[in-house]
Amino acid sequence: MSFISYLVNGISLGSVYAIIALGYTMVYGIAKMLNFAHGDVIMIGGYVAFLTVSGMGLPPVLGVLISMVVCTVLGVTIEKIAYKPLRMASPLAVLITAIGVSYLLQNIALLLFGASPKAFTSMVSVPAIVLADGQLTISGETIVTIVACIVIMIGLNLFIKKSKAGRAMLAVSEDKGAAQLMGINVNGTIALTFAIGSALAAIAGVLLCSAYPTLTPYTGSMPGIKAFVAAVFGGIGSIPGAFLGGILLGVIENLSKAYISSQMADAIVFGVLIVVLLVRPTGILGKNIREKV
Amino acid sequence: MAMLEVKDLKVHYGMIEAIKGIDFEVNKGEVVALIGANGAGKTTILHTVSGLLQPSSGTVTFEGKDITKMPGHKIVSLGMAHVPEGRRVFAQLSVYENLLMGAYTRKDKQEIQETLDMVYTRFPRLEERKTQLAGTLSGGEQQMLAMGRALMSHPSIILMDEPSMGLSPIFVNEIFKIIEDVSSMGTTVLLVEQNAKKALDIANRAYVLETGKIVLSGDADKLKNDDAVKKAYLGE
Ligand SMILES: Nc1ncnc2c1ncn2[C@@H]1O[C@H](COP(=O)(O)OP(=O)(O)O)[C@@H](O)[C@H]1O
Ligand SMILES: [Mg+2]
């Protein structure tokens with residue numbers, strides 16, 4: 001029974017990774033850059049939810065919505081100010097800028113909210129379910145996180161396949177010039193991608209802090225890196241890959257903690273990534289990169 | 001006034017001046033060919049006209065409107081389509097989805113459907129393969145798709161960049177027949193070609209480009225009989 005419990009918690013943690021990984025993978029697919037500040041947008045999302053709900057006493061749903069709006073604006077602003085001017089620059093310059101933005105966000109949070117951890121009260125009011133005569137308890141946070149992840153995945157897939165803006169994203173991710181020749185506003189599409197990724201980061205931030213209720217300016221950093229690993233693991237640029245990579249990573253991490261060693265869990269996670277990349281350099285569901293003639 | 005007017009256009013890649021001040025025009029209903037050796041600057045000119053590149057000086061006027069500084073995606077809705085060099089179809093999208101991307105700027109579903117039917121009638125192969133991923137098509141089929149996709153925006157002018165490049169002789173003939181067809185339906189064509197002989201056969205007028213400069217221009221029939229053109233471009 002405890003195995004099932006570890007497994008379910010792993011899937012829940014993995015769901016958070018998957019939601020964060022979506023932001024990495026979508027931005028990579030479209031702008032061909034790694035937005036290392038993405039993890040810190042999660043942290044900002046957590047603080048906004050904390051301030052609006054615990055601080056101002058707003059209902060959690062409203063707090064989450066405000067957090068999504070703030071993160072969306074933040075993500076689009078970062079893109080416009082920091083990344084857009086570098087669209088023709090070398091990938092290394094963009095990467096360094098992204099790392100810089102990450103530190104900037106952490107230090108702004110440090111300045112605004114201080115270094116002491118905030119005790120985040122869970123935003124989830126769904127009751128836990130008790131199964132197997134009380135041997136297995138699944139918390140409300142776990143349920144909400146897994147459901148949120150599934151809903152987001154299905155919604156995002158429908159959006160990309162069925163909507164005009166979604167198809168524009170596919171076109172831009174494949175060939176910006178050709179997309180522009182179709183009349184697609186490439187810059188607008190990139191901004192939209194950042195907006196969606198950042199709104200999802202806000203949701204991830206709230207779910208993460210509800211499950212692990214301490215909030216500091218560095219809260220987003222480690223989950224951000226793990227989610228990045230998940231995105232690479234699943235195949236960067238692939239949306240189902242982000243989902244699969246996130247869930248697998250969460251499960252591996254949780255089971256390692258339970259059965260091997262909690263200190264070693266992260267090492268095991270990264271070790272598995274290295275092995276997967278040695279066997280499949282493009283990740284589990286990654287496309288083989290074809291050379292253009 | 002000409003439909004498309006390019007005046008004193010200069011384009012740089014960094015410090016390199018690829019286009020060194022050229023003038024040309026395309027009138028409504030014409031097929032105008034732009035011929036020149038590899039690296040002469042043909043693609044650069046088309047990219048600048050359709051807004052993928054910004055010129056360092058000069059103007060591009062389309063239907064009386066200065067589009068020199070207009071973002072490329074807005075130029076499409078003015079009625080200009082561009083079939084790029086190397087076709088550049090969206091390999092991960094189906095043939096049908098590629099064609100829909102071509103109609104991205106249009107709103108009326110009914111009209112889009114009519115254009116789609118027209119494209120399928122003109123390119124029956126595309127209809128046969130509509131659910132197939134574009135990346136799995138042959139080169140000639142991809143060229144047809146690129147042309148069909150451009151037609152989906154219902155353009156008044158189409159810029160075509162080396163549509164016959166890398167195709168088998170049968171497909172080359174088919175592509176040129178299609179260009180004549182498109183033209184006879186009233187669409188103006190600006191055609192860039194390596195295959196100067198075939199291009200001059202279907203064009204009304206032509207410009208000859210050498211390292212970023214126009215060195216010759218005139219009626220296609222006249223250029224076909226020009227000794228310098230014959231020697232340099234027609235292999236006679
Ligand atoms: N992206 C680029 N960066 C630098 N130089 C370029 C680029 N594209 C083309 N050029 C140069 O500009 C000139 C014209 O190229 P292009 O317009 O592609 O010629 P064409 O289409 O006639 O073969 C060539 O000398 C080419 O090397
Ligand atoms: Mg060329």
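So that the names make sense, note that chain A is the first sequence line, chain B the second, and so on, each numbered from 1.
Contacts of Val89(B) with chain A are made by backbone atoms alone, with heavy-atom separations under 4.5 Å and no side-chain atom involved. Of the two parts of Ser153(B), neither the backbone nor the side chain holds a non-hydrogen atom closer than 4.5 Å to a non-hydrogen atom of chain A. Residue contact with chain B, scored on non-hydrogen atoms closer than 4.5 Å, involves the backbone and the side chain of Ile184(A) alike. For Arg106(B), the part lying under 4.5 angstrom from a heavy atom of chain A is the backbone only.
Heavy-atom proximity under 4.5 angstrom to chain B picks out Lys164(A), Arg167(A), Ala168(A) from residues 150-168 of chain A.
Within a 6.0 Å radius of CD1 in Ile170(B), other residues, nucleotides and ligands contribute 12 heavy atoms or fewer. By the 6.0 Å contact criterion, NZ on Lys32(A) is enclosed, its count of non-hydrogen atoms from other residues, nucleotides or ligands being greater than 12. Heavy-atom contacts from other residues, nucleotides or ligands closer than 6.0 Å to OH of Tyr96(B) number 12 or fewer. His12(B) NE2: more than 12 foreign heavy atoms inside a 6.0 Å radius.
A heavy-atom distance below 4.5 Å is found between the side chains of Leu181(A) and Leu52(B). For the pair Phe90(B) and Leu170(A), the minimum side-chain heavy-atom distance is 4.5 Å or more.
The CG atom of Asn98(B) sits 7.5 Å away from the CD atom of Glu174(A) when rounded to the nearest 0.5 Å.
Closest of all the heavy-atom pairs between Met101(B) and Met182(A) is O-CB, 3.4 Å.
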